[in-house]
Amino acid sequence: MDGKDVRLAPMTAQMYHEYYREYRSDPDLCFDKGDFAEFAYDPEWVDRYVRRQADPGRRCFAILHGDEVVGELILKDIVPWERATLSISMKHGGYKDRGFGTRAERLAIEYAFGEMGVKVLHADAVLTNARSRHVLEKVGFRETHEDGRFAYYEIKKEEWKERS
C-alpha cells in the first residue's frame, strides 16, 4: 500500500528488530507521567513480541518511509467483514509531526474498508495524547466516548466513502 512517500508493508521479524533498536518511549502514552520509563532494546523481548503478533485476529504493518521502518500499524480485534481496531506507533518523536502517521492511517483505512471489507473501524487514544487524537479526527474518525483514560473513536465505511 502506497501513499506518497509512506507505504505500509507486512511487518516481519527483521523489521520489528529494526524498529525497536531505535524505538524511544513516548511520555504522551503514559496515563501517569510518573510511570514513564525509557525503552531499552532487548532482542528476546522483541522475539516474544513478534510471536504475540502472529494472531489471525491481527494484521501487522511496518510504516515505511523509503526503506526505513518509521512506525508500526496494527489492525486488531478483527471480525471479518464487520469491524477492526486500528493501533499506530511511531519509532520516536523525530517521525512525528511530519505527516507519516496521517498518511499511514489513511492507507490503513482504505485497506480495512477496501481489502478486508470491514464496515466499522475503531481506534482509541490516551486522553493526554493530543497529537494522536488530532490525527484520528483529521483522517475522519469521530470520538464516540471517553472513559477517564482513553478517548474512543470510530469511522464507518459509508462515512469514509462520502469523504473520499
Side-chain angles (χ1 to χ4, degrees), residues 1-80 82-112 115-116 118 121-136 139 141 147-154:
M1 293 177 275
D2 238 326
K4 296 182 184 177
D5 57 341
V6 170
R7 63 190 171 91
L8 298 179
M11 186 72 101
T12 65
Q14 180 181 345
M15 289 172 163
Y16 269 119
H17 281 278
E18 176 186 335
Y19 175 71
Y20 279 110
R21 268 188 211 96
E22 296 181 31
Y23 181 84
R24 282 188 238 130
S25 302
D26 183 346
D28 287 341
L29 301 179
C30 294
F31 299 114
D32 179 352
K33 302 300 183 211
D35 292 338
F36 177 75
E38 290 293 337
F39 176 81
Y41 173 70
D42 174 355
E44 291 176 11
W45 179 89
V46 174
D47 289 339
R48 287 190 305 273
Y49 183 78
V50 168
R51 285 192 297 276
R52 284 194 311 271
Q53 300 314 311
D55 175 317
R58 290 177 174 259
R59 303 242 174 108
C60 303
F61 297 97
I63 302 170
L64 298 167
H65 179 247
D67 290 329
E68 182 182 5
V69 178
V70 300
E72 171 189 36
L73 187 142
I74 300 174
L75 294 172
K76 59 188 179 182
D77 304 324
I78 298 169
V79 176
E82 289 186 34
R83 67 181 178 275
T85 301
L86 181 144
S87 174
I88 186 171
S89 175
M90 302 307 285
K91 186 170 12 182
H92 56 70
Y95 297 102
K96 295 178 181 179
D97 297 323
R98 295 175 59 186
F100 297 146
T102 300
R103 289 192 289 276
E105 286 187 20
R106 285 187 176 130
L107 289 170
I109 293 167
E110 288 174 13
Y111 178 80
E115 300 297 319
M116 295 173 59
V118 300
L121 195 56
H122 298 276
D124 58 59
V126 175
L127 285 175
T128 57
N129 191 342
R131 178 187 291 121
S132 179
R133 296 180 72 180
H134 170 74
V135 171
L136 287 168
V139 301
F141 281 87
D147 69 3
R149 296 179 82 141
F150 287 95
Y152 296 89
Y153 294 83
E154 75 175 20

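Sequence positions, counted from 1, serve as the residue numbers for this chain. Just so it is clear, the model here is predicted, and its values are computed rather than measured.
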Out of Val6, Val139, Val135, which residue meets the side-chain contact (heavy atoms from CB on, under 4.5 Å) rule with Arg106?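 Only one option passes, and that is Val139.
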
Distance, nearest 0.5 Å, that separates [atom1] of [X] from [atom2] of [Y]:
{"X": "Ser132", "Y": "Lys96", "atom1": "OG", "atom2": "NZ", "result": "9.0 Å"}
{"X": "Ser89", "Y": "Ile74", "atom1": "OG", "atom2": "CD1", "result": "8.5 Å"}
{"X": "Thr85", "Y": "Asp124", "atom1": "OG1", "atom2": "CG", "result": "7.5 Å"}
{"X": "Glu22", "Y": "Tyr41", "atom1": "CD", "atom2": "OH", "result": "11.0 Å"}

Show the nearest heavy-atom pair for residues [X] and [Y], with the distance to one decimal.
{"X": "Gly71", "Y": "Met11", "answer": "O-CE, 4.0 Å"}
{"X": "Pro10", "Y": "Met15", "answer": "O-SD, 3.5 Å"}
{"X": "Ala123", "Y": "Leu136", "answer": "CB-CD2, 3.6 Å"}
{"X": "Gly66", "Y": "Arg7", "answer": "O-NH2, 3.5 Å"}
{"X": "Leu73", "Y": "Ala104", "answer": "CD1-O, 3.7 Å"}
{"X": "Glu18", "Y": "Glu68", "answer": "OE2-CA, 3.9 Å"}

Go through the steps to decide whether Val126 and Phe150 satisfy the test side-chain contact (heavy atoms from CB on, under 4.5 Å), and finish with yes or no. CA-CA 5 Å; Val126 175; Phe150 287 95; 4.0 Å; yes

Are a donor atom and an acceptor atom from the side chains of Tyr23 and Glu72 found within less than 3.5 Å of each other?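 On atom types as modelled, these side chains do not qualify, holding no pair under 3.5 Å.
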
Going by the rule salt bridge (charged side-chain N to carboxylate O under 4.0 Å, His left out), which residues pair with [X] if we only count those two or more places apart in sequence or in a different chain?
{"X": "Asp97", "answer": "Arg131"}
{"X": "Asp147", "answer": "none"}
{"X": "Arg83", "answer": "none"}
{"X": "Glu82", "answer": "none"}

Verdict with supporting geometry, Tyr111 and Leu75, side-chain contact (heavy atoms from CB on, under 4.5 Å): CA-CA 10 Å; Tyr111 178 80; Leu75 294 172; 3.8 Å; yes

Would you say that [X] contacts [Y] through its side chain, given a criterion of any heavy-atom pair below 4.5 Å between the two side chains?
{"X": "Ile78", "Y": "Arg58", "value": "no"}
{"X": "His17", "Y": "Asp47", "value": "yes"}
{"X": "Val69", "Y": "Leu64", "value": "yes"}

From CA spacing to verdict: side-chain contact (heavy atoms from CB on, under 4.5 Å), Arg133, Leu127: CA-CA 8 Å; Arg133 296 180 72 180; Leu127 285 175; 3.5 Å; yes

Please report the C-alpha distance between Tyr153 and Leu86 in whole Å, then the side-chain angles of each, then the deciding distance to 0.1 Å, and finally whether the side-chain contact (heavy atoms from CB on, under 4.5 Å) criterion is met. CA-CA 10 Å; Tyr153 294 83; Leu86 181 144; over 6 Å; no

Would you call the rings of Trp45 and Phe39 parallel, tilted or perpendicular, where under 30° means parallel and over 60° means perpendicular?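 If you compare the ring of Trp45 with that of Phe39, the planes turn out perpendicular.
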
Partners meeting ring-ring contact (aromatic ring centres under 6.0 Å, His included) with Tyr16 (sequence neighbours left out):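 Listed in chain order: Tyr49.
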
Check ring-ring contact (aromatic ring centres under 6.0 Å, His included) between His65 and all other residues, then give those that pass, not counting sequence neighbours.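 Only Phe100 meet the ring-ring contact (aromatic ring centres under 6.0 Å, His included) criterion with His65.
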
Less than 4.0 angstrom from a charged side-chain N to a carboxylate O is my criterion; do Asp5 and Arg103 meet it?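 So Asp5 pairs with Arg103 through a salt bridge.
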
